[in-house]
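Read through the structure below, which is laid out as structure tokens, and then see the notes.
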Amino acid sequence: MEKSKKEKILKIVVPTAIFLSILVLCLIISKELIYVVKHIINGKTDELKVYMDNLGYEGVFILILLQALQTLTTVLPGEPIQIIAGIAYGRWGGIGIGVSGILLGGLVLFVLVKRFDKEIIRIFTPKRKQQQEEQLEQKMKSSNRSLIFVILVLYWLPA
């Protein structure tokens with residue numbers, strides 16, 4: 001199969017598969033999500049904790065999948081998921097759920113990038129952006145890496 005034909009097919013199949021996966025996941029957990037969001041808005045955290053406890057491992061699984069989905073997409077905000085996990089399962093349980101979901105999402109991204117490497121980037125990124133990225137890579141190789149590291153670390157330090 002030609003490379004351009006393969007790229008066209010991937011351009012259609014990959015986003016469609018991702019969209020359908022997200023849609024199916026949302027449909028599966030929509031009843032629980034609506035219930036949870038209502039209780040958070042109304043401030044009924046005690047009832048929410050009881051509800052999540054009644055879900056058992058399914059509740060943990062739902063929150064981990066939501067956190068992984070949030071890692072994969074920019075559509076979902078991560079903080080509400082982490083707050084729900086903290087309310088329902090305590091500080092350490094919430095941290096464990098959040099970290100597990102982030103690791104799962106990161107693992108999926110890693111596997112996708114390893115599998116498709118530059119192909120997936122080339123498909124979803126305009127040529128102009130690809131050229132800018134290549135120029136930036138060349139500048140990074142030729143410049144002082146320790147200075148760039150310090151500049152990037154400074155951004156994360158509190159003021």
Of all heavy-atom pairs linking Thr71 and Gly106, the shortest is CG2-N, 4.0 Å
Closest approach of Leu104 and Ala68, non-hydrogen atoms and distance?
CD2-CB, 3.8 Å
Are Gln67 and Ile102 packed together at the side-chain level, in the sense that at least one heavy-atom pair is separated by less than 4.5 angstrom?
yes
Student check: side-chain heavy atoms of Asp46 and Val50 closer than 4.5 Å
no
Here the gap from Ile84 atom CD1 to Leu66 atom CG, rounded to the nearest 0.5 Å, amounts to 7.5 Å
Using distance alone, with no hydrogens and no angle criterion, decide if Gln82 and Glu79 have a side-chain donor and acceptor under 3.5 Å apart.
no
Identify whether [X] and [Y] are in the same connected component of the hydrophobic contact network (ILVMFWY, side-chain heavy atoms under 4.5 Å).
X      : Y      : result
Leu69  : Val108 : yes
Leu103 : Trp92  : yes
Leu63  : Ile83  : yes
Ile81  : Leu107 : no
Tyr51  : Phe61  : yes

Main-chain N/O of Met52 paired to Tyr89 side chain as donor or acceptor, under 3.5 Å
yes
